[in-house]
Amino acid sequence: MFKFKKSLIIGMSLLGLFLIAGCSSGNKKASKDELKKVTLILDYLPNTNHTGIYVAKEKGYFKEKGIDLEIIEPGENNTSLALLGAGKADFALSYQEDLTYAQTSDAPIPVTAIATVLEHNTSGFVSLKKDNIQSPKDFEGKVYAGWQSPSEEAMLKAVMTNANADFSKLSIVGNSANGASDLGKNVNLKWFFEGWDLTKAKMDGFDLNYLPLKDLDKRLDYYTPIIVTRDETIEKDSQLVKDFLSASKKGYQDAIKEPKESAKILHEATPEQDLEFLEKSQEFLSKNYTSDPNNWGVMKEEVWTNYTDFMFENKLINQKIDSNKLFTNDFLTKDK
């Protein structure tokens with residue numbers, strides 16, 4: 001009888017432990033399945049600057065961090081920063097220039113850059129090779145087609161001044177959506193991003209000269225694009241910021257190692273784009289996200305200060321601002 005009772009007690013105890021373990025296991029699984037909905041606004045249409053994000057989403061890196069990521073485009077009449085500041089998203093892709101404007105305006109937007117997608121500015125001025133435009137000195141007497149923004153004019157004036165050229169001798173007209181097709185007609189110069197516009201132009205058979213901005217004036221080697229979040233998110237949910245960047249970093253590291261596979265992932269998300277073009281573009285971008293994949297996303301104070309000073313000197317902003325108020329590297333994981 002004693003043995004029976006003892007066996008019964010032991011059996012019931014084991015059953016209890018089993019049930020408790022089962023409940024714990026079930027709770028653990030449930031909590032794993034409860035993902036936090038997070039929204040990212042792109043700076044523009046999906047392109048190879050964004051590949052790492054799409055790779056991280058496709059491979060489940062965001063889900064591993066408890067994030068259910070939705071990627072949206074800003075729309076024609078809104079900037080990603082304005083939408084982010086209005087609380088329409090948790091994160092946004094933007095540009096160093098736009099964030100500096102946002103922080104120095106009469107109504108500052110409380111946002112901070114938390115990573116750069118690219119280590120260097122990969123944009124510059126293009127012209128047909130037959131026009132023999134070798135430096136900004138050769139811009140004199142030429143026609144430049146652009147967006148006619150104050151910052152664009154300031155850049156053109158700066159690089160021409162550095163080359164002892166007369167800026168007043170350059171004509172500036174509105175840009176079209178025709179890419180390199182306008183060159184050699186009523187236009188001599190355009191501003192292209194090397195991994196996108198210039199790649200497309202070369203595939204289309206255009207023979208072009210390319211002058212990288214970062215080689216014309218070191219202050220123009222600014223960050224574009226950058227990843228931004230609201231100051232409120234940093235204050236209230238710093239772990240989300242760390243997790244988001246950790247997943248993003250893994251995606252970009254994969255894009256660096258496997259450009260062709262990563263281009264296909266971007267193509268699957270945006271099938272309207274030409275795969276061959278995406279692969280060519282990705283081949284370039286994968287080599288230019290960073291020179292050190294372990295430190296992808298890290299920004300330098302010097303880069304922020306150089307361009308902020310440039311904007312102030314050219315009256316693009318009406319006040320100086322400490323660059324440390326514009327960005328932080330604190331939420332980027334450090335690989336060993």
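Predicted model, so just to flag it, every value in this text is computed and none were measured.
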*Would Lys59 and Glu258 count as a salt bridge (Lys or Arg N to Asp or Glu O under 4.0 Å) if you check the C-alpha gap in whole Å, the side-chain angles of each, and the deciding distance to 0.1 Å?*
CA-CA 13 Å; Lys59 293 190 174 182; Glu258 300 167 339; 3.4 Å; yes
*Near Glu276 CD, under 6.0 Å, is it more than 12 heavy atoms from other residues, nucleotides or ligands?*
no
*Qualifying residue, where the test is ring pair (Phe, Tyr, Trp, His ring centres under 6.0 Å) with Tyr222 and the options are Trp304, Tyr307, Tyr95*: Tyr307
*Working to the nearest 0.5 Å, report the span between CG of Leu83 and CD1 of Ile72.*
7.0 Å
*Between NZ on residue Lys249 and OG1 on residue Thr333, distance to nearest 0.5 Å*: 3.5 Å
*Could you walk me through whether Gln96 and Val303 pass side chain to side chain contact (heavy atoms under 4.5 Å, CB included), step by step?*
CA-CA 10 Å; Gln96 182 175 338; Val303 174; 3.8 Å; yes
*Taking all non-hydrogen atoms of both residues, which atom of Gln253 and which atom of Pro293 are closest, and how far apart?*
NE2-O, 2.9 Å
*Taking the six-membered ring for Trp, are Phe125 and Trp191 parallel (under 30°), tilted (30 to 60°) or perpendicular (over 60°)?*
tilted
*asked:* Strictly distance-based, threshold 3.5 Å: is any side-chain N or O of Asn47 a donor or acceptor partner for the main-chain N or O of Asn49?
replied: yes
_Has Asp138 got a side-chain atom pairing as donor or acceptor with Ser135's backbone, closer than 3.5 angstrom?_
yes
*What is the distance from atom CE of Met299 to atom OG1 of Thr116, rounded to the nearest 0.5 Å?*
7.0 Å
*Report the distance from atom OH of Tyr101 to atom CD1 of Ile317, rounding to the nearest 0.5 Å.*
8.5 Å
_Minimum heavy-atom distance Ser123-Tyr210, with the two atoms named_ = C-OH, 3.0 Å
*Is there a donor-acceptor pair closer than 3.5 Å between any side-chain N or O of Tyr54 and the backbone N or O of Gly251?*
no
*Check each of Thr39, Asp90, Ile53 against Leu69 using the side-chain contact (heavy atoms from CB on, under 4.5 Å) test, and report the only one that passes.*
Ile53
*Between OG1 of Thr122 and OH of Tyr289, what distance do you get to the nearest 0.5 Å?*
10.0 Å
*Locate the shortest heavy-atom distance separating His50 from Pro46; write the atom from each residue and the value.*
ND1-CA, 3.4 Å
*Does a side chain donor of either Ser151 or Glu97 reach within less than 3.5 Å of an acceptor in the other side chain?*
yes
_Residues Asp182 and Ser176: side-chain donor-acceptor under 3.5 angstrom_ = yes
_Donor + acceptor pair across side chains of Asn121, Thr224 (<3.5 Å)_ = no
*Could you please spell out the steps behind the side chain to side chain contact (heavy atoms under 4.5 Å, CB included) verdict for Glu313 and Arg219?*
CA-CA 11 Å; Glu313 289 168 17; Arg219 299 173 301 173; 2.7 Å; yes
_Cluster link Val159 to Leu208, ILVMFWY, side chain under 4.5 Å_ = no
_Grouping I, L, V, M, F, W and Y whenever their side-chain heavy atoms are under 4.5 Å apart, do Val117 and Val241 come out in a common cluster?_
yes
*Is the side chain of Asp322 donor-acceptor paired with the backbone N or O of Asn324 at a distance under 3.5 Å, no angle test?*
yes
*When you look at CD of Glu302, are more than 12 heavy atoms from neighbouring residues, nucleotides or ligands closer to it than 6.0 Å?*
no
*Keeping the roles fixed (side chain from Asn295, backbone from Val298), state whether a donor-acceptor pair exists under 3.5 Å.*
no
*asked:* Looking at Lys57, I want to see if its NZ is surrounded by more than 12 non-hydrogen atoms of other residues, nucleotides or ligands under 6.0 Å.
replied: yes
_Heavy-atom count check: over 12 atoms from other residues, nucleotides or ligands less than 6.0 Å from Lys200 NZ?_
no
*Counting N and O atoms only, with roles assigned by atom type, does the side chain of Tyr44 sit under 3.5 Å from a partner on the main chain of Leu93, one being a donor and the other an acceptor?*
no
*Within the distance-only criterion (no hydrogens, no angle test), does the side chain of Ser281 pair as donor or acceptor with the backbone N or O of Phe277 below 3.5 angstrom?*
no
_Over 12 non-hydrogen atoms of neighbours within 6.0 angstrom of CG in Asn186_ = no
*From Asn329 CG over to Glu301 CD, what is the distance, rounded to the nearest 0.5 angstrom?*
10.5 Å
*May I ask you to decide if Leu189's main-chain N or O and Ser127's side chain share a donor-acceptor pair within less than 3.5 Å?*
no
*Using modelled atom types only, decide if a donor and an acceptor are shared between the side chain of Ser246 and the backbone of Lys242 within a distance under 3.5 Å.*
no
*Under 3.5 Å: donor-acceptor pair, side chain of His267, backbone of Gln273*: yes
*Verify whether one side chain among Asn175 and Lys190 offers a donor that lies under 3.5 Å from an acceptor in the other.*
yes
